[in-house]
Every structure is written in structure tokens, then in C-alpha cells.
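Throughout, residue positions are numbered sequentially from 1 according to the sequence presented. As a basis for the values below, the full set of heavy atoms in this structure was taken, side chains included, without hydrogen atoms, waters or symmetry mates. Note that ligands are numbered from 1 as they come in the structure, with each ligand's atoms numbered from 1 the same way.
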Amino acid sequence: MKSHTKVAIIGGGIYGVALAYHLSELGWNDVILIEKGELTSGQTWHAAGFISTYANYGNTSIINNASASLYKKLAQDPELDPGWITSGSMRLIYNKFQYDAACLGVGIAEQAGVQAEIISPQRAKELNPFLNEKPLIGAVYSAGSGSVDPARVTHSIATLARRNGVEINRHTRVTAIEQLPSGEWKLITTKGEVIAEHVVNAAGFWLREVGEMVGVNVPVTIMKHQYIITEPLPEVIEFMKGGREFPTIADPHSAMYMRREQQGICIGTYETSGAVAPAPNGLPWEFDTELLDDDLDRIAPFYERCADTIPIFAKAGIKNIVSGPQIFTATGLAYSGRAPGLRNFWIHGGSAAGITQSAMGKFLAQYMIHGEAEISMAAYDPAGIGRYADREFTIKRSTEQFERAFENHSPYDEPRYARPTFQDPLYDRLKNAGAAFGEAFGWEKANWFNTGSGPAVDEDSFRHANFAPYVEAECKAVENGVGIANMSFFSKLEVSGEGANRFLNSLTARAIPENNKITLTHYLTEHGGVRAEHTITRRPDGTYYLLFASTAGQRDAAMLKLALPSDGSVTIQDVRYDRGSLLVTGPKSRELLSRLTNADLSNAAFPWLTSQTIEVAGVPVFALRVSYAGELGWELHVALKDLAPLYDALFENGADLSVTNIGLRALNSLRLEKAYRGFGTELKEVYSLDQAGLNMFASVKKESYFGRDSVLKEREHPRKTKFAYLKIENSDNDAWGDEPIYADGKLVGATTSGAFGYRVNSSIAFAIVDAEYATAGTELEVKMLGELRKAVVHDRALYDPENEKLRS
Ligand SMILES: Cc1cc2nc3c(=O)[nH]c(=O)nc-3n(C[C@H](O)[C@H](O)[C@H](O)COP(=O)(O)OP(=O)(O)OC[C@H]3O[C@@H](n4cnc5c(N)ncnc54)[C@H](O)[C@@H]3O)c2cc1C
């Protein structure tokens with residue numbers, strides 16, 4: 001084994017091997033891979049080998065398709081043939097909700113360059129004669145899908161990696177990892193030590209344990225997953241005489257997948273209840289090329305349902321049962337990105353469909369080498385889940401991922417297991433007021449309020465659903481009276497010390513505010529993409545108060561800590577759980593607050609975008625004159641213990657002003673009417689501020705900050721795509737993001753987010769389009785749930801473009 005290397009990858013499953021290959025393809029071939037057993041000896045060897053290029057979610061389609069493309073390429077070479085079979089795949093559709101999901105998915109596929117279409121039940125039966133098509137209303141057919149031999153494909157990719165210079169060490173276990181003063185990493189293994197510039201934890205079942213070696217929490221759980229291979233079936237033998245293949249099936253009715261295996265079939269289920277996490281404390285290091293005990297009794301009821309869909313299965317003999325441990329994450333997506341708080345340490349794994357998604361390694365390789373990837377890696381960022389995800393939480397969430405694996409999820413779907421998460425002091429009050437809660441980075445947030453009858457539960461729908469009239473009422477309350485939103489779940493940091501101003505200014509694309517002023521500012525990547533967005537307020541004592549998205553809490557704190565000067569002149573304190581906040585907004589908000597404070601809230605004394613420490617209802621409040629709703633308003637930041645008394649006083653004194661609880665759904669609608677770009681949808685690493693139309697937020701006057709060179713370059717050579725703000729013809733649904741956009745029938749972009757704007761009575765969306773289609777007045781068409789809808793580009797907010805209400 002080498003003693004020094006640029007990259008050391010821990011784990012020789014498909015994830016580690018594919019990453020090694022893609023790094024070497026991109027020119028980083030000083031790579032070693034360390035595997036404690038044989039390659040594939042974790043879970044890769046026993047995977048069922050299904051590869052569906054179609055997926056319901058944005059980047060997943062691109063990743064799946066990229067994996068399949070590599071497998072098809074390997075199949076051209078007899079030496080590397082991974083056993084690829086192009087069979088096509090079908091996802092069955094039984095009801096309107098699934099049909100809507102399919103329409104959205106087919107639109108996503110179109111942008112990802114993946115073949116996918118909705119076909120009739122009859123056509124589905126023609127393609128796969130073993131199917132009971134009677135209960136179906138259709139199926140999504142993706143002709144490019146297929147299957148592969150998971151072990152063979154891993155070995156083929158390993159061969160390519162070796163040819164590129166990658167060193168693969170088998171039967172070598174990493175037992176400890178230390179960071180050296182130089183910043184490099186020392187890996188201690190059973191066969192000696194190696195020093196690496198970068199380390200990648202691709203340890204599959206042992207992601208958590210390898211993370212613990214460097215103090216990082218990697219929340220993964222092992223679930224028990226079983227599939228069956230049948231004896232040869234005469235019907236399959238007969239079918240094969242024509243030299244044909246039938247598409248694989250994904251069936252939401254029986255939560256089952258099915259494909260041909262030799263002359264029989266392979267069927268696996270994801271039980272929709274009673275799923276088992278067989279190793280809550282992890283697997284021993286010695287576990288190697290092993291399976292778990294079969295448990296046919298437990299899965300029998302699910303297999304009975306499989307026979308509803310594939311009747312020949314009812315009489316099939318069982319040749320083999322594979323009962324394998326399978327990794328799941330607390331987010332339901334793989335982790336692929338920087339380990340929070342560590343330099344040059346990466347986490348790559350946790351995918352429950354890692355054979356299908358091996359191309360995640362291609363995008364991580366791009367990200368490691370170039371600092372950005374073709375696709376946004378944000379959803380896979382290991383920092384996207386916090387320390388609150390302990391073992392118990394992760395088991396519950398993994399169980400949910402497993403049991404709901406075959407469900408379609410509405411865009412409003414919230415996690416159901418491991419709930420409620422952290423409840424701030426308003427939780428019970430909001431619950432009694434009818435709140436339907438969601439989760440924001442381990443904190444319960446109110447999405448909307450059911451002020452009518454029945455439970456506060458979201459209907460499964462992609463259209464205007466049960467909550468729409470309530471969200472409308474909340475928006476109207478904000479327009480005409482006062483709305484109060486509990487924003488306590490936001491991330492909050494305090495940055496202080498003699499070097500704080502210099503430190504923040506070196507990172508942000510806009511000047512840091514002066515005393516009491518508030519600035520919305522962004523942190524850029526070296527390529528000018530938006531890495532973070534913070535509302536920063538300077539307090540008179542020189543402390544900076546940073547407010548930002550809950551999901552970015554861990555990531556941004558880690559980013560700032562890694563950038564801290566070594567002289568100790570700056571201190572960062574996380575105050576998320578110390579402070580709460582209420583947004584009090586609407587034309588009557590000044591009147592309401594004036595009843596509870598002696599402070600002068602007039603425009604002259606307390607202008608827009610300034611802050612003051614005042615007393616409201618006897619509570620010390622740090623008040624910021626801002627409103628994400630685009631109305632007159634203040635955010636009131638208080639010690640968490642003061643949140644409930646403040647909230648009670650506002651409601652007790654505001655009855656005649658129609659004071660109303662508002663939730664996050666209303667705020668999303670209100671922000672779209674104001675054309676505020678959303679962090680995570682319009683503002684993310686793959687897009688620049690100029691692309692988002694926020695040129696004024698990327699200063700060229702400011703002499704130095706991270707990413708400035710890219711801003712200057714982009715001003716000379718603008719990017720080819722730009723954001724468009726769209727007013728869309730009304731219907732019973734709005735854009736969710738990822739809907740394709742056409743100009744004269746040509747695909748020119750996709751939506752990124754949308755909602756119905758009740759103050760302007762219009763469906764609104766943001767979209768990323770070819771730059772020539774982003775100018776005001778351009779007419780476009782958006783394909784939404786299968787229907788083409790007219791849209792017009794606007795260059796000003798549809799509501800109060802001059803900010804008169806905010807300044808009123
Ligand atoms: C029954 C079943 C069926 C499946 N079917 C499919 C399917 O049809 N399609 C699909 O896409 N996916 C499927 N999967 C999922 C797929 O198997 C996994 O997503 C994939 O194998 C994950 O690969 P990996 O490289 O992340 O992990 P692994 O394959 O587990 O590799 C991790 C490797 O790291 C090594 N390692 C760990 N710690 C150390 C250390 N300290 N030092 C050195 N080496 C270490 C391990 O020995 C192991 O080989 C299935 C899974 C199961 C259980």
C-alpha cells in the first residue's frame with residue numbers, strides 16, 4: 001500500500017469503486033481504495049440489480065440515467081460486460097394521485113433526457129404479459145431501464161479504475177483516522193498507515209462507525225430487505241422463445257418490484273408495515289459477504305398481494321430467498337458531500353438504490369475536483385441532517401423510508417415517523433389553534449392552520465387541496481390585518497469579537513451592515529454560485545446576528561467555523577435553541593405593537609431594514625423591521641422562554657385587528673408575489689446571483705470577498721441561463737418545481753418553485769430558462785400535470801413592486 005496519496009476511499013462497494021473510477025477519469029488518479037474484505041462484500045454483492053432510469057424526483061433521474069449509460073457502455077466490451085439487460089421498466093398507476101405524480105415525473109424525465117411516457121393498461125399488458133392490468137389506469141414506461149449484475153458491474157468499474165492508476169487494497173481495514181497539523185489525514189489500517197490529502201467515507205453499513213472515527217455523525221440504519229427468485233416458470237420460458245424481454249415492474253399496490261431472472265422471476269417487497277431494523281447498534285466489523293435469516297412468515301401477506309399483480313407468481317416455486325441488510329439514511333437520500341466541519345473529508349453512501357445510483361460518484365468527483373458539479377448536490381449534503389438524528393430517530397425515519405418506498409409523495413409530504421421533533425414553547429398553543437405541522441431541521445413548524453373542522457392533516461394531492469382555503473384566509477389576513485408566524489425554527493448565529501466585521505466582510509458578497517442596520521447578503525462559491533444566504537444585523541455592541549434557513553444551520557455554521565481566522569479575534573455562537581422569533585406583519589401590525597410598547601414605531605423612528613432592542617408586553621425584544629410577507633411588519637426576536645408570553649399578549653390585544661396565525665405555506669405564497677427568490681430553490685450553489693437577477697447583491701465596488709473574481713468574469717461573460725419570474729394561467733394546481741417550459745414547442749427550461757398568489761389572484765412560479773427567454777413580456781408554456789399552460793415573464797414583483805407597503 002502507498003504511504004501517501006491524494007485521495008483515500010474507505011469502502012469497496014459500488015459507491016467507493018465508482019467514485020474512484022470517476023475521480024481517475026477526471027484526472028485525479030493518485031487514489032487508493034481500502035476495502036476490509038473483497039470488493040462488493042458489504043451489501044453490493046446481494047443487490048437485486050434493478051436499474052430504473054425513471055424517478056419522480058429531479059436529480060435522481062439524471063443520476064440513474066448516467067449510471068445506466070455507463071453500464072450500457074461496459075456491455076459493449078466482452079471483457080467488462082456487467083450482465084446488463086435492457087428490458088425497460090414500468091411503474092404502475094392505479095389512481096388519480098399516482099397519475100398526477102407520473103405526469104410530474106415524466107416532465108422531469110424529459111428535462112433529464114430520460115425516456116419516459118405514460119402508457120395505457122392495455123399497452124402495459126402487451127409489454128409485460130404477466131401483468132394483471134385490470135385495476136390499472138396506466139403505467140409509466142421507461143424504455144431505457146434494465147438490470148445488471150451488481151457484483152460484475154462493480155468489478156468491471158474497478159478494472160477501469162485500476163487501468164487509470166487507482167490502487168485497490170483488499171482485506172485491509174481502516175481502524176482509526178487522525179488529522180495531522182498539516183491538515184492531511186492519517187489512516188491507520190490493519191496493513192499499515194497511509195497519509196491522504198482527502199478521505200472519502202464510503203463504508204456502507206459502517207458509515208456511522210467510520211464517521212465516529214473523526215467525530216462526525218452519519219445517521220444511517222440497516223433494514224432487512226428480502227427478495228425471492230422463483231423456479232423456472234413455463235410462461236416465462238414460452239415468452240423467452242421469441243428472444244424478447246419484458247419490462248421490470250414497480251407496483252405500488254403490493255409495494256413490489258419484479259423482473260425476469262433466468263427462466264423465472266425475481267420479486268422483492270418493501271413491507272408497508274412491520275419493517276425490521278435488524279442491527280440497531282450496527283453490524284460487527286467481521287460481517288462480510290453475509291446474509292440475514294429469512295423471515296418468510298412476516299413477508300407472506302405482502303407476497304400474496306404480489307400475486308394480485310403478477311398472477312403466475314401464485315403458483316411459482318421458490319428457488320432462492322435473499323434476505324439482505326440494506327442501508328438507509330435519515331433523509332431518504334444518499335449522503336454525498338463534505339463531512340460537516342471537516343476540511344477534505346467526504347461522506348459518500350447510504351443510498352438504498354446504490355447500484356442504480358453509482359453515478360453519484362461522477363457528480364461527487366466533479367464536486368471534489370472542481371468545487372461544483374453538473375447537478376446540485378445540495379439534497380445529498382451530509383450537513384443537511386443535524387445531531388438531533390440519533391440512532392433512535394434514524395431507525396424511525398429509515399423504517400418510514402422503507403415502508404413508504406413505493407408511495408408517491410406529494411410535494412407537501414412531511415415525515416411521519418420520529419415526530420414530533422423539537423417543540424418550542426408555542427407548540428401546544430399552535431396545535432390548539434389548528435396547526436398542521438411540518439418539520440424544519442428537527443423543529444416543529446406550523447405549515448397552515450385548520451380553523452374549520454376535522455383534523456389538520458394534508459390531503460395527498462398535487463392540486464389545490466384541503467388546506468388551500470385556509471392558506472388563502474391566512475394570506476388575506478396578512479393583506480388586511482395582522483398575521484403572526486412563529487419563525488423560531490430558523491438558524492441563528494451570533495458572530496462577535498474584534499475581527500468579526502473583517503471576517504464576515506471577507507466572505508459576503510455585499511458590505512456588512514452598520515449599527516442597527518439589516519442586510520440580506522450571500523456567500524458565494526469560487527465559481528460565483530450561491531453557497532449561503534444570511535440576513536445579518538449589527539447590534540450596537542458590535543455583535544452580528546445572522547439569520548438563515550433552518551436546513552442550512554449545520555452547514556453554514558461549519559462553513560464559517562472553517563473560515564475563522566486563527567488569531568482568536570472572532571467567536572461564533574449558535575443560538576438557535578436559545579432564541580425564538582415571531583413575524584408580526586400586515587397593515588395593522590404597527591397599531592397592534594404600539595398597544596404593547598412605548599417604543600416609537602413610526603417610520604422616522606424605526607425605518608424599514610433597521611433594528612432596535614425594545615420592550616413589547618414587558619418582554620425584552622430584539623425587533624427587526626423586515627417582513628418576508630412583503631407587508632409592514634417586524635420580526636420580534638426574544639429569549640425562548642419569553643416567546644409564549646409575547647405571543648399571548650399579541651393575541652390578547654389584537655382581536656379587533658383580526659390578528660391571525662399564519663403558517664409557512666402562506667409565507668411561501670406571499671414571498672412569490674413579492675418575487676423573493678427562495679434559498680434552496682432559486683438560490684443554490686449551481687446558480688449565481690446574476691442568474692437570479694440579484695446583480696445588486698453581488699457588489700463589484702467591494703474590493704475583496706470570496707467569489708468576487710467569478711462575479712467580475714460573469715459580468716463579462718454572462719451564463720447562458722437565467723431566472724424568469726412567471727405569471728401562469730390559473731388552474732387547480734401550481735408549479736412545484738421541475739415542470740418543463742417551452743417556447744414555440746422547444747424545451748427552454750424548468751420551473752424551480754411556485755404557488756398560488758392570493759393577493760394577486762394568480763399562479764406564480766420561478767423558472768430557470770435559456771437567457772433569451774427571461775426578458776419581461778416573453779410568452780412561454782409550462783407543462784403542469786400533463787397540461788400546457790400559458791405563462792408570461794415579469795421583471796417586477798406582482799405585488800407592491802415599489803415596496804410601498806413594506807415602507808408604510
Ligand atoms: C436485498 C437487497 C436488494 C437490493 N436491490 C437493489 C437493486 O435492485 N438496485 C439498486 O440500485 N440497489 C439495490 N440494493 C441496494 C444496494 O445494494 C446498495 O445501495 C449498494 O450496494 C450500496 O453500495 P455501497 O458501496 O454504498 O455499500 P457497500 O456495498 O456496503 O460497500 C461498503 C464497503 O465498505 C467496506 N468497509 C466498511 N468499513 C470499512 C473499513 N473500516 N475499512 C475498509 N473497508 C470498509 C465494506 O466491507 C463494504 O464492502 C439492494 C439492497 C439489498 C439489501
Side-chain angles (χ1 to χ4, degrees), residues 8-20 32-52 55 63-64 67-68 71 89 145-151 153-154 157 168-177 187-191 199-213 220 222-228 248 250 257-259 261 266 268-270 278 282-292 321-329 334-336 347-361 402 405:
I9 299 173
I10 306 167
I14 188 133
Y15 253 48
V17 168
L19 175 66
I32 70 166
L33 185 143
I34 305 170
E35 164 56 49
K36 70 180 179 61
E38 288 291 348
L39 295 183
T40 80
S41 63
Q43 61 193 310
T44 295
W45 70 277
H46 63 241
F50 283 77
I51 311 293
S52 172
I63 295 166
N64 295 4
S67 309
Y71 302 163
S89 64
S145 302
S147 59
V148 75
D149 179 329
V153 82
T154 309
I157 299 172
I168 296 182
N169 296 278
R170 295 171 298 127
H171 304 288
T172 310
R173 179 158 72 85
V174 174
T175 54
I177 308 170
L187 280 71
I188 296 131
T189 81
T190 46
K191 293 203 180 150
V199 176
V200 184
N201 172 5
F205 298 138
W206 294 275
L207 278 163
R208 184 190 286 276
E209 287 73 13
V210 171
E212 280 166 1
M213 291 180 189
V220 288
I222 293 154
M223 303 298 296
K224 184 173 191 171
H225 177 191
Q226 304 180 72
Y227 65 81
I228 285 177
T248 64
Y257 55 81
M258 172 265 199
R259 67 167 166 80
E261 170 69 31
C266 163
T269 63
Y270 283 86
L283 289 168
W285 291 111
E286 297 70 37
F287 190 92
D288 183 71
T289 327
E290 281 175 64
L291 291 173
L292 304 168
I321 302 168
V322 175
S323 176
Q326 182 176 22
I327 197 94
F328 277 77
T329 65
Y335 305 128
S336 193
I347 297 169
H348 186 54
S351 171
I355 315 302
T356 312
Q357 294 173 356
S358 71
M360 182 69 101
F402 191 99

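- In this structure, ligand 1 sits under 4.0 Å from heavy atoms belonging to Ile10, Gly11, Gly12, Gly13, Ile14, Tyr15, Ile34, Glu35, Lys36, Ser41, Gly42, Gln43, Thr44, His46, Ala47, Ala48, Gly49, Phe50, Thr172, Arg173, Val174, Ala202, Ala203, Gly204, Trp206, Val210, His225, Tyr227, Trp285, Gly324, Pro325, Gln326, Ser351, Ala352, Ala353, Gly354, Ile355, Thr356.
- The aromatic rings of Phe205 and His46 lie parallel to each other, their planes meeting at an angle below 30°, with 60° marking the opposite boundary.
- Put simply, the side chain of Glu35 does not reach to within 4.5 Å of the side chain of Ile168, judged on heavy atoms.
- No side-chain heavy atom of Pro325 sits under 4.5 Å from any side-chain heavy atom of Glu290.
- Proximity of a side-chain donor or acceptor of Trp206 to a complementary backbone N or O of Gly282 within less than 3.5 Å is not detected.
- Across all their heavy atoms, Pro278 and Ile222 have their closest contact at CD-O, 3.1 Å.
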Please tabulate, for the side chains in residues 347-359, all donor-acceptor contacts under 3.5 angstrom to protein atoms that are two or more places apart in sequence or on a different chain.
unit_1 : atom_1 : unit_2 : atom_2 : d
His348 : ND1    : Ser336 : OG     : 2.9
Ser351 : OG     : Ala353 : N      : 3.0
Ser351 : OG     : Ala353 : O      : 3.4
Ser351 : OG     : Gly354 : N      : 3.2
Ser351 : OG     : Gln357 : OE1    : 2.9
Thr356 : OG1    : Phe50  : O      : 2.9
Ser358 : OG     : Tyr71  : OH     : 2.7

